[in-house]
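Quick notes on the structure that follows.
Below, each value reflects all heavy atoms present in this structure, side chains not excepted, and no hydrogens, waters or symmetry copies.
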Amino acid sequence: MKDSKVLLIYTGGTIGMKENPLKNTLEPFDFKHITKELPELNKMDCKIDAVSFEDPIDSSDIDCEIWEEIGDIIYSHYNEYDGFVVLHGTDTMSYTACALSFMFENLKKPIILTGSQLPIGMVRTDGKENLITSIEIASAKKNRESIIQEVAIYFEFHLHRGNRTSKVSSEHFDAFISYNYPNLAEIGVEIKYNYHNLLRKDCNQLIYKKGFSPEVLVVFFYPGIQFKKVIQSIQKSTLKVVILFTFGSGNLPKNKDFISFINDPKNNLIFLNVSQCAAGYVEQNNYSNGANLKNAGVIGVRDLTIEAAIVKSMFLINKYPNDFQKFLEFFNKDLAGEFT
């Protein structure tokens, strides 16, 4: 008897591709026959089932509906399996990890996202190790409980909290980094879990929430930006949340018109402050330029990644479209270990 059951969910991406020798092209293979590609899986001490999207999705085409489709599959099989491995393209994997972390409240089982930089059918692929180790992590238990009870990304010998990651390389196998939170595990000869870093929830009642609103805009600031055009572009939109992608610890050039625009209650907008620095903490009190934003009502997002800030905004604005106080109340709460 196998000790655990793991469900593989193939959404698309490089990891599921195999070379067609006749056409000299890459094509997705049937994950229901994954053990033919990876006979090593037969030696694992867990039962592995697989489901695939009928039409594999390039990760750049991932949207809110796909997040919900992945979530629905996991939720509908939640009681049947001990863990889940989502095979996903790398480009938007961090966004999907964020979305799933907010959708599954009080998670008690692992949802591990992984992928690869090279197709699994290629000789030098990183996909085999990523997949095998992800399955081992998803099936791992201690005292009859899953060791990982959160959404995580496994890539190249590191297990990261999913909503703390960013993709940082399109050519190296070590493609993901969690700048503001330590690894959940390091993988060598053994898997060494950092137990004090693992997320734990006191409540055992799983709550599944879905629904995302795309009414979020990110404004990337750079020296010389024309604030008048920024204001005009925001005014022409039907947005509810504007994320200011700022310098350093959360600073922007001084501009009275922009501050007045933020202050104008007629806008009925929420402004968030996310730093362009991948590591560190938004602290709007450090400099007067940041304090101007804080005094105008801009909310600093602490050490959230840009991916987490976007997805959390989309998630909460869907739940509280006309109640900005509720939005801010829950935005400032740590829902799934997304900020320190």
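For the pair K109 and F84, the cation-pi test (distance below 6.0 Å, angle within 45°) is failed. Because its NZ or CZ atom is both nearer than 6.0 Å to the ring centre of F331 and within 45° of the ring axis, K312 counts as a cation-pi partner of that residue.
For the atom pair CD1 of I231 and NZ of K236, the computed distance is 12.5 Å after rounding to the nearest 0.5 Å. Rounding to the nearest 0.5 Å places CG of N163 at 9.0 Å from OG of S178. Taken to the nearest 0.5 Å, the CG atom of N289 stands 5.0 Å off from the NZ atom of K254. Distance CD1/I153 to CZ/F176: 5.0 Å, rounded to 0.5 Å.
Contact check for D72 versus K210: side-chain heavy atoms found under the 4.5 Å cut-off. Side-chain contact check for L198 versus I148: some heavy-atom pair is nearer than 4.5 Å. Taking the side chain as every heavy atom from C-beta outward, S4 and K141 approach each other to under 4.5 Å. In this structure, the side chains of Y287 and N251 come closer than 4.5 Å at one or more pairs of heavy atoms. Taking the side chain as every heavy atom from C-beta outward, Y78 and L206 approach each other to under 4.5 Å. Side-chain contact between M314 and I310 is present, with heavy atoms from C-beta onward closer than 4.5 Å. Residues L244 and F258 form a side-chain contact, since some pair of their non-hydrogen atoms from C-beta on lies under 4.5 Å apart.
In this structure, N273 contributes its side chain and V298 its backbone to no donor-acceptor pair below 3.5 Å. Panel note: side chain N143, backbone E145; no donor-acceptor pair is recorded below 3.5 Å. Judged by distance alone, the side chain of T92 and the main-chain N or O of S59 form a donor-acceptor pair under 3.5 Å.
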Practice task
Decide side-chain contact (heavy atoms from CB on, under 4.5 Å) for F271 and L293; before the verdict, give the C-alpha distance in whole Å, the side-chain angles of both, and the deciding distance to 0.1 Å.
Solution key: CA-CA 9 Å; F271 289 88; L293 298 174; over 6 Å; no
Exercise for the section: Begin with the C-alpha distance, continue with both residues' side-chain angles, and end with the deciding distance and a verdict on side-chain hydrogen bond (donor to acceptor under 3.5 Å, both in side chains) for R164 and T340. Expected result: CA-CA 10 Å; R164 291 300 193 104; T340 303; 3.1 Å; yes
Practice task
Before giving the answer on side-chain hydrogen bond (donor to acceptor under 3.5 Å, both in side chains), spell out for N295 and Q284 the whole-Å C-alpha distance, their side-chain angles and the decisive distance to 0.1 Å.
Solution key: CA-CA 9 Å; N295 294 335; Q284 296 182 126; over 6 Å; no
Practice task
Test side-chain contact (heavy atoms from CB on, under 4.5 Å) on E65 and E69 and set out the steps.
Solution key: CA-CA 6 Å; E65 292 182 0; E69 189 172 347; over 6 Å; no
Practice task
Check the pair E186, N183 against side-chain hydrogen bond (donor to acceptor under 3.5 Å, both in side chains), reporting the backbone distance first and the verdict last.
Solution key: CA-CA 7 Å; E186 285 86 28; N183 294 334; 3.3 Å; yes
Handout entry: Intermediate values then yes/no, side-chain contact (heavy atoms from CB on, under 4.5 Å), E307 and T165
Key = CA-CA 8 Å; E307 296 91 342; T165 64; over 6 Å; no
Handout entry: Candidate pair L8 and I135, rule side-chain contact (heavy atoms from CB on, under 4.5 Å), full reasoning
Key = CA-CA 8 Å; L8 296 183; I135 293 171; 3.9 Å; yes
Exercise for the section: Go through the steps for Y181 and E338 under the test side-chain hydrogen bond (donor to acceptor under 3.5 Å, both in side chains), then give the verdict. Expected result: CA-CA 9 Å; Y181 196 77; E338 68 273 14; over 6 Å; no
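Judged by distance alone, the side chains of E68 and Y75 never bring a donor and an acceptor atom under 3.5 Å apart.
Taking both residues in full, the closest heavy atoms of C46 and V6 are given as SG-CG2, 4.3 Å, listed atom of the first, atom of the second, then distance. Heavy-atom minimum distance, I112 versus A138: CG1-CB, 4.2 Å. Smallest separation of non-hydrogen atoms from A296 and I259: CB-CG2, 4.1 Å. The heavy-atom pair separating T114 from F155 by the smallest distance is OG1-CD1, 4.2 Å.
Residues E329 and K326 are paired through a salt bridge, judged by an N-O separation under 4.0 Å between the basic side chain and the carboxylate. Salt bridge R161/E150: present, at least one basic N to carboxylate O contact under 4.0 Å.
Using cut-offs of 30° and 60° for the angle between ring planes, the F245 and F220 rings count as perpendicular.
The ring pair (Phe, Tyr, Trp, His ring centres under 6.0 Å) test with F315 is passed by exactly one of F327, F330, F212: F212.
Put simply, Y195 and L159 are part of the same group of oily side chains (I, L, V, M, F, W, Y) that touch within less than 4.5 Å, one to the next.
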